[in-house]
Amino acid sequence: MTEALDAFRAEVRDWLEANCPEEMRDGGSGEENICWGGKRWQFQSEAQKVWLERMAAKGWTVPTWPKDYGGGGLSRDEDKILQSEMRRIKARSPLQSFGIWMLGPALLHFGTHEQKAHYLPPIARGEVRWCQGYSEPGAGSDLASVQSRAEPRGDHFVVNGQKVWTSYADKADWIFALLRTDKDAPKHKGISFVLIDMSSEGVSTRPIRLISGSSPFCETFFDDVKVPREQVVGEENRGWDVAKYLLTHEREMISGGGGGLLGGRGVGAMLDGADDPVLRAGAMTCEIDALAMGLTLERYKDMAKTGSVGDASAMLKYYGTELNKRRNEVMMLAGGSDALEWDGAHGSLPADWLRSKANSIEGGTSEVMLSIISRRVLGLPA
Amino acid sequence: MTEALDAFRAEVRDWLEANCPEEMRDGGSGEENICWGGKRWQFQSEAQKVWLERMAAKGWTVPTWPKDYGGGGLSRDEDKILQSEMRRIKARSPLQSFGIWMLGPALLHFGTHEQKAHYLPPIARGEVRWCQGYSEPGAGSDLASVQSRAEPRGDHFVVNGQKVWTSYADKADWIFALLRTDKDAPKHKGISFVLIDMSSEGVSTRPIRLISGSSPFCETFFDDVKVPREQVVGEENRGWDVAKYLLTHEREMISGGGGGLLGGRGVGAMLDGADDPVLRAGAMTCEIDALAMGLTLERYKDMAKTGSVGDASAMLKYYGTELNKRRNEVMMLAGGSDALEWDGAHGSLPADWLRSKANSIEGGTSEVMLSIISRRVLGLPA
Amino acid sequence: MLADSARGFLDDAAPVSHLRGLRDAGKVHDPALWAQMAEMGWTGVLVPEEAGGADMGHAAAGILAGEMGKTLVCSPFIGTAVIAATALRQVANDRASAALRGIAEGKTIYALAVDEGPKHDPDAAQMEAVADGNGFRISGAKTFVCDGMSADRVLVLARTGEGLTLFDLPTDRDGITRSAMSLVDSRDAARITFDAVAATGDDVLGQVDDAMTVLRPALEAGQAALAAEMGGVAAGAFAMTVEYLKERKQFGVPIGMFQALQHRAAHLWCETEVTASAIAHAGRKLDEDPAQATLAVSLAKARATQTVTLAVQEGVQMHGGIGMTDAFDMGFYMKRARVAAEWLGDYGYHAAIVARLREI
Amino acid sequence: MLADSARGFLDDAAPVSHLRGLRDAGKVHDPALWAQMAEMGWTGVLVPEEAGGADMGHAAAGILAGEMGKTLVCSPFIGTAVIAATALRQVANDRASAALRGIAEGKTIYALAVDEGPKHDPDAAQMEAVADGNGFRISGAKTFVCDGMSADRVLVLARTGEGLTLFDLPTDRDGITRSAMSLVDSRDAARITFDAVAATGDDVLGQVDDAMTVLRPALEAGQAALAAEMGGVAAGAFAMTVEYLKERKQFGVPIGMFQALQHRAAHLWCETEVTASAIAHAGRKLDEDPAQATLAVSLAKARATQTVTLAVQEGVQMHGGIGMTDAFDMGFYMKRARVAAEWLGDYGYHAAIVARLREI
């Protein structure tokens with residue numbers, strides 16, 4: 001077993017050495033370096049394009065997906081080796097997308113073979129970019145209170161309504177959305193998980209400006225959009241099952257970025273000479289909690305290897321996002337008046353600080369996470 | 001008006017000068033210096049006795065009660081002058097008791113003339129000591145869930161049951177208690193506010209030991225105690241009205257001791273040389289909040305002069321007690337290992353620290369206070 | 001009464017949409033609004049009657065600032081009507097008197113140029129005013145000069161031979177260059193550089209080498225008024241939040257029915273009440289015993305900073321996604337709270353003063 | 001597995017009532033319990049096999065300490081089996097080997113005498129060991145010596161010519177006087193005075209003037225184990241509290257239905273989870289890379305201190321009046337949490353270490 005993995009590691013290392021363009025080995029992971037793919041994608045460079053094509057050919061844009069659907073068919077251990085070898089040479093991620101993070105897992109779990117074969121390979125190759133349509137205006141944490149309707153008319157639906165907080169809807173090719181397909185059924189029972197081509201007639205989007213400035217979020221409008229009925233994932237009216245499954249995924253994804261350390265981010269230098277105990281105590285405590293949160297993410301990843309962490313993942317979301325808000329507050333305080341200026345001495349810090357306030361709202365509010373923990377982890381009565 | 005008050009001030013000053021014994025002018029306000037009165041009271045000194053007698057003769061143990069009932073008949077402004085003149089010469093309080101703080105106000109508001117004439121003067125003179133019987137084992141914050149019964153039998157009740165958290169029940173002459181007089185009525189509608197002689201047959205008490213050590217609290221047991229029916233205050237089965245009225249009084253009383261400052265208590269010296277920002281920041285913040293809380297108590301007292309602060313008093317209780325807990329935590333932290341020892345270098349600090357944890361439980365928990373504020377001050381839906 | 005009439009005027013003349021309008025138009029000052037404030041006597045709230053002011057005192061200034069805070073009113077009120085007016089009235093001469101008259105009439109806008117680094121620390125000012133003949137040459141840079149772009153005059157703290165000196169200079173003096181800072185709260189702030197700016201003895205406010213006699217009361221007046229404004233910001237954000245808790249439904253009920261939110265809202269209300277006491281006390285103390293007001297002022301600024309921070313954080317979180325959108329007003333509250341938290345000393349700065357005075 | 005078997009034993013042999021019984025009897029140590037721990041190999045958890053130990057490592061020691069924490073087990077485990085054992089195994093000589101054997105066999109109880117003031121600060125130790133012929137004369141006083149009254153031997157930190165030296169002395173040596181400290185947690189602690197106590201080179205553990213080579217690893221091992229114990233204390237208090245939230249009814253429903261309490265309990269659970277990661281990591285790091293474990297250890301002690309403090313505070317508050325009574329166990333948790341918070345460095349002490357290593 002270990003021998004096979006060692007051999008795999010050697011193979012990966014050789015292949016990456018031969019195939020990863022030099023320009024893609026800078027560890028660049030900022031928003032501006034991400035390759036999102038999609039029909040309208042403009043590659044930043046030839047290297048970005050080549051890197052995507054080569055990785056996609058190996059199925060390594062989605063290493064653990066089955067080979068039949070464009071994946072690499074790797075085991076969890078093999079995937080871990082691939083990731084560590086990529087980190088070793090600071091290789092950029094060849095492709096990121098909501099298709100990979102969200103729709104892929106949903107289709108692999110709930111989709112038909114035809115759906116998987118149709119939708120997954122273009123995601124793996126970065127040819128089709130997806131966005132998600134969950135939230136609606138006025139629904140907030142109550143994701144199941146879906147008002148947008150998909151009315152069955154023979155072999156297709158007619159979709160009307162509005163979604164909000166659809167990230168990059170203006171850049172996406174397709175959307176996966178929760179729509180009400182039975183308005184007489186109880187709240188959770190009349191929803192379907194529907195795939196919609198954004199180029200369909202009647203689909204329009206409008207960007208949302210946040211308190212932190214422009215944002216990837218959009219409002220998305222459906223006005224008598226015709227959608228073939230086979231574009232439902234899972235059973236019709238059972239879309240809530242798919243949604244719940246994905247919420248756990250999203251939770252882990254968001255928390256993954258949570259925490260973050262002060263030490264490496266120059267706060268030490270910002271604090272230098274500050275003998276303000278309030279500021280210093282705040283920074284210390286934040287760093288301690290961030291280090292412990294980092295260890296917790298590792299521990300949960302290890303736990304996930306031998307089973308599911310399940311609802312405990314709500315902790316990662318809650319704690320990670322609250323911590324990230326605190327970290328941004330500490331940095332703003334350390335930066336003083338220099339940090340009050342948009343794009344000033346501390347660059348995007350003010351916008352990051354304001355943007356961080358959404359962390360504990362999007363993907364399930366902190367309050368929802370605490371309620372999940374209370375009921376499903378602690379078993380307190382609902 | 002002002003002239004009359006000035007004249008009153010001069011009169012008070014002269015009288016105090018002539019009548020307040022020297023030994024009673026040391027500002028002593030510690031537990032060991034309090035005069036609680038009652039049938040079994042042992043005066044600490046002749047001066048303590050004389051001081052009580054003289055003040056009681058003026059009605060100034062209860063300055064704002066009507067003269068008919070043993071009070072001084074003073075206006076609010078006159079009372080303020082009396083208090084300030086007493087503070088000026090550091091005169092001790094001649095008498096403190098639950099009779100003054102709690103039963104008196106209740107009788108003045110709900111009692112018959114006969115009850116007032118019978119019960120109030122002995123309270124004013126310090127001849128009868130009262131305790132309160134509200135809480136029951138298992139009831140906690142839900143004071144209305146009274147299980148102790150007073151069954152009507154003609155002209156008297158037969159009382160059976162148990163009260164808990166009755167301060168100084170073992171030293172009191174009488175108890176005012178909430179008892180269920182109609183077990184078929186809705187929870188809040190079958191309770192009466194009953195006065196019981198502690199020397200009645202069937203009354204017994206047992207002290208409660210707290211985590212901080214011995215305490216004034218007792219459990220009090222009623223075993224077929226016969227109580228004349230005229231000893232109900234207010235209407236029978238309407239005792240909850242009396243209880244609610246008193247809860248507000250108690251709240252203000254408890255919060256009055258809340259807050260407290262670090263500066264004057266030697267924490268400065270304890271912290272000296274400590275360059276621990278966590279400790280220092282905690283102490284600073286606590287002191288800031290305590291100073292602001294002190295100003296708030298003053299502001300609320302001023303507000304009370306022109307009207308009632310009503311449910312907002314829940315804030316004083318909540319904030320004052322939570323602050324006091326924090327203050328004790330800071331002092332324990334500042335004291336380090338020296339403060340871990342019972343009766344060690346920091347005297348009663350460890351016991352005080354542990355005792356402070358009850359502040360946010362007794363007299364209405366912090367959670368109950370927050371719910372009161374939420375509903376009655378903010379108007380949030382129940 | 002003052003509060004009510006101020007509220008009545010401001011709800012009409014300067015609701016939050018007024019600030020939003022300025023921002024969207026790329027402006028940081030509304031001369032018409034300032035003129036109206038002058039007309040109502042607000043600019044002269046701390047100007048003596050003999051100089052044309054209303055001389056209502058610091059408690060009154062705090063009430064006005066508090067009402068302005070509730071709707072995030074954008075004006076140079078604190079820098080001019082509070083800080084500069086307090087500084088100028090420490091000086092009994094004709095120039096100061098004339099300057100005060102200019103403030104009361106709404107003709108002169110002042111800004112305070114004290115900070116040189118990211119944290120408020122006037123005693124550590126390093127910018128130098130070098131003696132030059134009968135006067136001085138001032139060189140260096142100031143930052144975070146609030147209202148600095150709209151200001152006609154600027155109070156500048158600089159190091160002279162034996163100490164610190166406060167200069168009162170017109171912003172168009174040769175060698176003064178201003179550049180706008182684009183702050184998150186969309187209000188006026190500037191960096192100002194001084195390139196061998198000539199100043200005479202006439203430009204000195206108070207005595208040479210003794211800035212603090214004049215500046216200290218001015219700073220404390222400004223800190224108290226700013227604390228009052230922050231109290232207003234907190235109250236405004238809190239009122240919006242409580243309203244939302246009552247209106248907004250989720251899972252079929254108003255979210256204000258959820259006990260966890262109820263308790264957090266109730267706790268926040270307690271914080272605002274306790275802070276209100278500290279703010280009112282600071283104003284009263286400045287009026288009654290200004291020489292001993294330092295503790296009261298720092299207490300107010302510290303508490304106000306802590307409370308408004310909590311109020312806007314809870315405001316955004318309890319509003320959920322809508323609170324994050326620029327189209328909704330809550331973000332403006334959060335941004336103003338952050339800037340006000342830093343201006344004239346942050347929480348730690350004032351906590352240290354309290355600790356020193358309380359011997360902690 | 002280790003945890004389960006430890007739990008099984010302790011639930012039977014040392015539930016909280018065991019500590020209560022000791023306290024009520026005026027005792028601070030149970031030799032029978034200690035003997036059982038020796039029999040199970042716990043006292044030798046860090047003793048090398050060649051000295052008769054089980055040598056299971058620091059992670060295992062942490063698991064045992066954690067289980068002990070859950071029921072507030074009163075024993076000299078950390079001082080003897082963790083701190084002293086770790087110190088002794090830094091020294092490769094026969095005396096140390098024999099001492100380790102004594103620990104493994106449960107025959108020797110050790111205490112650590114480092115603190116001289118109210119706060120842990122080994123580097124600042126002032127007590128002197130003055131050279132005297134071939135040996136030393138030690139004079140001075142130590143405080144907060146945990147397990148000091150039951151101890152047979154004591155590790156004493158004293159200042160020598162060029163630095164600090166660690167002595168390993170029997171507690172019955174002439175000139176040593178112990179007096180019991182009556183601590184809130186009802187456990188063993190002593191003040192120890194040294195009156196010209198004679199010590200020879202043989203009594204020195206490690207090298208003269210170089211205490212830290214031996215003491216640092218021992219302290220870190222102790223801090224990690226103590227953090228683990230505190231994690232257990234927090235878990236024990238939390239479990240009681242959650243149970244109570246489910247059982248206890250008020251206003252006709254279990255109090256665990258009140259959302260405000262639910263969210264606080266859920267938050268507390270998150271804190272315990274995050275702290276558990278730090279505790280586990282510290283044990284692992286001490287086993288795998290002990291020279292680089294300082295950050296991991298201080299992180300664990302800091303987090304554990306913060307978490308257990310919250311856990312016992314919420315425990316008492318959520319239990320209401322019953323939690324305040326001595327008859328109920330929650331108070332014991334609160335008291336042990338406070339003592340453990342101070343022992344071997346409080347939150348601020350370890351936060352400062354984290355800050356230094358992380359360059360904050």
Side-chain angles (χ1 to χ4, degrees), chain A residues 259 261-272 274 277 279-300 302-303 309 311-312 314-320 322-323 330 334 366-382, chain D residues 227 238-239 241-249 253-282 284-285 295-296 298-307 347-360:
Chain A
L261 300 171
L262 293 168
R265 294 275 307 252
V267 165
M270 284 160 86
L271 287 176
D272 202 37
L279 172 51
R280 196 159 277 281
M284 283 173 164
T285 297
C286 188
E287 182 75 353
I288 285 170
D289 296 344
L291 287 165
M293 182 65 194
L295 295 170
T296 304
L297 287 169
E298 282 178 32
R299 187 162 71 90
Y300 270 60
D302 287 346
M303 279 162 57
V309 297
D311 292 313
M315 183 271 282
L316 304 179
K317 165 71 170 76
Y318 165 69
Y319 210 87
E322 292 294 338
L323 187 55
V330 167
S366 283
E367 290 77 17
V368 166
M369 294 304 115
L370 289 173
S371 288
I372 288 173
I373 292 165
S374 160
R375 284 171 207 171
R376 302 200 208 143
V377 180
L378 304 183
L380 292 177
Chain D
F238 182 66
T241 305
V242 170
E243 214 40 56
Y244 192 75
L245 290 175
K246 290 178 189 172
E247 279 170 10
R248 168 81 164 134
K249 290 193 176 173
V253 296
I255 59 174
M257 273 193 69
F258 292 111
Q259 197 197 34
L261 297 186
Q262 289 181 341
H263 282 200
R264 278 160 54 188
H267 169 78
L268 175 52
W269 180 78
C270 293
E271 294 286 0
T272 63
E273 276 294 290
V274 173
T275 295
S277 314
I279 291 169
H281 178 248
R284 224 163 36 229
K285 194 80 183 172
L295 177 65
S298 282
L299 182 65
K301 179 64 165 70
R303 279 287 317 184
T305 298
Q306 196 185 38
T307 300
Y347 182 86
Y349 176 85
H350 290 286
I353 291 173
V354 172
R356 176 169 52 75
L357 294 173
R358 293 286 308 163
E359 293 176 28
I360 280 180

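So that the names make sense, note that chain A is the first sequence line, chain B the second, and so on, each numbered from 1.
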Report the C-alpha separation of Ile288(A) and His350(D) in whole Å, then their side-chain angles, then the decisive distance to 0.1 Å, and conclude whether the side-chain contact (heavy atoms from CB on, under 4.5 Å) test is met. CA-CA 10 Å; Ile288(A) 285 170; His350(D) 290 286; over 6 Å; no
Residues Leu378(A), Leu245(D); criterion side-chain contact (heavy atoms from CB on, under 4.5 Å); working and verdict: CA-CA 10 Å; Leu378(A) 304 183; Leu245(D) 290 175; over 6 Å; no
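Of the two parts of Glu298(A), neither the backbone nor the side chain holds a non-hydrogen atom closer than 4.5 Å to a non-hydrogen atom of chain D. With a 4.5 angstrom heavy-atom cutoff, Val354(D) touches chain A only via side-chain atoms. For a residue to count as touching a neighbouring chain, one of its non-hydrogen atoms must lie under 4.5 Å from one of that chain's; by this rule Ala352(D) touches chain A with backbone and side chain alike. Interface residue His263(D): backbone and side-chain heavy atoms are both found under 4.5 Å from chain A. For Ala281(A), no part lies near chain D; criterion is any non-hydrogen pair under 4.5 Å. Neither the backbone nor the side chain of Leu261(D) comes within contact range of chain A, judged by heavy atoms closer than 4.5 Å.
The main-chain N or O of Pro381(A) is found under 3.5 Å from a side-chain atom of Gln262(D) such that the two form a donor-acceptor pair. A donor-acceptor contact shorter than 3.5 Å is absent between the side chain of Arg299(A) and the backbone of His281(D).
Taking Ser374(A) as the reference, nothing meets the side-chain hydrogen bond (donor to acceptor under 3.5 Å, both in side chains) condition, with sequence neighbours excluded. Under the salt bridge (charged side-chain N to carboxylate O under 4.0 Å, His left out) criterion, Arg248(D) pairs with no residue at all, not counting sequence neighbours.
Pairing each heavy atom of Gln306(D) with each of Asp289(A), the nearest pair is OE1-OD1, 3.5 Å. When all heavy atoms of Ser277(D) and Leu295(A) are compared, the pair lying nearest together is CB-C, 3.8 Å.
Between chain D and the residues Ser366(A), Ala382(A), Ser371(A), the most heavy-atom pairs under 4.5 angstrom are made by Ser371(A). Between chain A and the options Ala278(D), Ala296(D), Cys270(D), heavy-atom pairs under 4.5 Å are most frequent for Cys270(D).
Rounding to the nearest 0.5 angstrom, the gap separating the CZ atom in Arg303(D) from the OG1 atom in Thr296(A) is 7.5 Å.
Side chains of Thr285(A) and Tyr347(D): a donor-acceptor N/O pair is present below 3.5 angstrom, by distance only.
Note on ring orientation: taking the six-membered ring where Trp is involved, the planes of Tyr318(A) and His267(D) are perpendicular (angle over 60°, cut-offs 30° and 60°).
Met257(D) places none of its side-chain heavy atoms less than 4.5 Å from the side chain of Leu380(A).
Heavy atoms of other residues, nucleotides or ligands lying less than 6.0 angstrom from NZ of Lys246(D) number more than 12.
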